[in-house]
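Report on the following structure.
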Amino acid sequence: MTTSRDVAEWLKSHDDLLILTHLHPDGDALGSSLALCLALESIGKRAAVCCQDGCPGYLDALPARDRLHLPESLPFEPKALACVDLSVADRLGRAAFLLDRGLPVCCVDHHEHPALAAEVRLVNPQAAASGELIDEIRRALDVPLTREMALCLYVAISTDTGNFAFSCTTPDALRTVADCVETGIDIDEMNYELFRKRSRARTKLLGRALEGMSFPCAGRIALMTLRGDDFAACGAAMADTEGIVNFGINAEGVLAAILAVRQGDQVKFSLRSRGAVNVAALLRPLGGGGHERAAGLTLEGDFDACVQRVLSAVRTAVEGLE
Ligand code: AMP
Ligand code: MN
Ligand code: MN
């Protein structure tokens, strides 16, 4: 098992480091990656973050976004790769070609069973967010926590813990956040940006998802679907689906919630559980994964057929509880 110290030594021994994170990046993906980038810069390294997709609007308040690049326009030729909040190579999307160059790779992640080949790995499914692990690495690098880094880590940890509400909100996660708050960041402003502010398009898309919500399996499952026409009618984009699945899992009596979103030829699934069923485990045979209580999957093909496949896997898990 490698430690934050091993990862720190590995990072020190490489230069021109490109940090890779998953497509449709969330607060942890970007916050953790940007914080690592800033820490590497502060020890004199050239570093950048690469993601298939740009920064979604609700994360606009993240600092250092000029370090984020699309795979088609990298600022330098990378000599080493650091994969952050990424458990499977598939989730790099258009950035996946970078893994085929035989460059040295390190991996920092908190998903269950990450399957990414790397020279050194700091993997801890007990960590609330990859940001918690990045902060361990920062300390191992002896890099002081700046206000910019603190904002990035705050975004990482506050988003992956549902604003410090989910069961993954450990004392360690809160201690890391306490260090961030100590730097003087404005958490009220950040929480408004991340959790309260909602664009009109996002609000209307939420309305459409709620209107169509059904409760199969005697109300123990909540199912929501969004298709192309829903997005067009609201002027919304894929990033506007973030958080919608929680309205399913928060409906009384629901044990597992599914949000299915049509995206081109693909169907993107978001699943949530209150803990009785392990949604990462039930999606793994279908090619998905994630965490016990928050998992995802991407399928190709007919929308309704894909939805039925996932619904029946969830139904089997829920019915297996009795
Ligand atoms: P989301 O519902 O998109 O917020 O994703 C919840 C969790 O599921 C994420 O933290 C990811 O770890 C995981 N996940 C999402 N989509 C996929 C996918 N297509 N394949 C594997 N894991 C996924
Ligand atoms: Mn993530
Ligand atoms: Mn994460």
Side-chain angles (χ1 to χ4, degrees), residues 19-36 49 51-53 55-56 58-59 62 83-93 96 107-116 122-135 152-162 166 168-170 173 176 194 209 222 224 226 238-249 256-261 263 266-273 278-300 306 309-310 313-314:
I19 299 157
L20 300 176
T21 194
H22 64 77
L23 43 73
H24 309 311
D26 50 25
D28 188 29
L30 292 183
S32 296
S33 298
L34 292 170
L36 177 60
V49 178
C51 182
Q52 165 189 292
D53 304 296
C55 186
Y58 76 100
L59 295 177
L62 266 174
C83 295
V84 172
D85 202 45
L86 178 80
S87 53
V88 284
D90 273 10
R91 300 205 76 220
L92 283 173
C107 163
V108 181
D109 190 32
H110 70 128
H111 293 100
E112 280 188 17
H113 310 296
L116 204 75
L122 183 62
V123 172
N124 180 4
Q126 256 64 266
S130 296
E132 215 183 308
L133 304 174
I134 297 295
D135 194 54
C152 292
L153 293 177
Y154 185 85
V155 169
I157 299 171
S158 66
T159 53
D160 262 20
T161 56
F166 300 156
C168 61
T169 314
T170 60
T176 307
L194 294 172
M224 288 177 280
L226 288 170
M238 184 66 189
D240 295 316
T241 61
E242 177 78 29
I244 288 181
V245 67
N246 294 320
F247 287 83
I249 196 61
I258 308 167
L259 171 68
V261 181
Q263 208 197 12
Q266 298 185 323
V267 190
K268 160 94 179 82
F269 289 91
S270 277
L271 273 74
R272 295 293 183 270
S273 159
N278 180 338
V279 280
L282 75 87
L283 286 185
R284 226 169 278 131
L286 300 176
H291 315 274
E292 261 182 59
R293 294 174 179 224
L297 164 75
T298 306
L299 292 177
E300 287 195 5
C306 291
R309 272 180 77 189
V310 172
V314 177

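Every number for a ligand or one of its atoms is a count from 1 in the order of the listing.
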Close side-chain approach of [X] to [Y], heavy-atom, < 4.5 Å:
X	Y	value
Thr241	Ser270	no
Asp135	Ile157	no
Leu30	Pro56	yes
Glu242	Tyr58	yes
His111	Asp85	yes
Asp53	Pro25	yes

- [ ] May I ask you to list the protein N, O or S atoms found at less than 2.8 Å from the Mn ion (ligand 3)?
- [x] Asp28 OD2, Asp85 OD1, His110 NE2, Asp160 OD2

TODO: Give, for atom CG of Leu23 and atom NZ of Lys268, the distance between the pair rounded to the nearest 0.5 Å.
DONE: 8.5 Å

TODO: Mark yes or no for whether Ser130, through its side chain, and Asp28, through its backbone, hold a donor-acceptor pair below 3.5 Å.
DONE: no

Task: Ring geometry between His110 and His291 (parallel below 30°, tilted from 30 to 60°, perpendicular above 60°) - done: tilted

Task: Every residue of the protein that comes under 4.0 Å of ligand 1, judged on heavy atoms - done: Arg91, His111, Lys268, Ser270, Arg272, Gly288, Gly289, Gly290, His291, Ala294, Ala295, Gly296, Leu297, Thr298

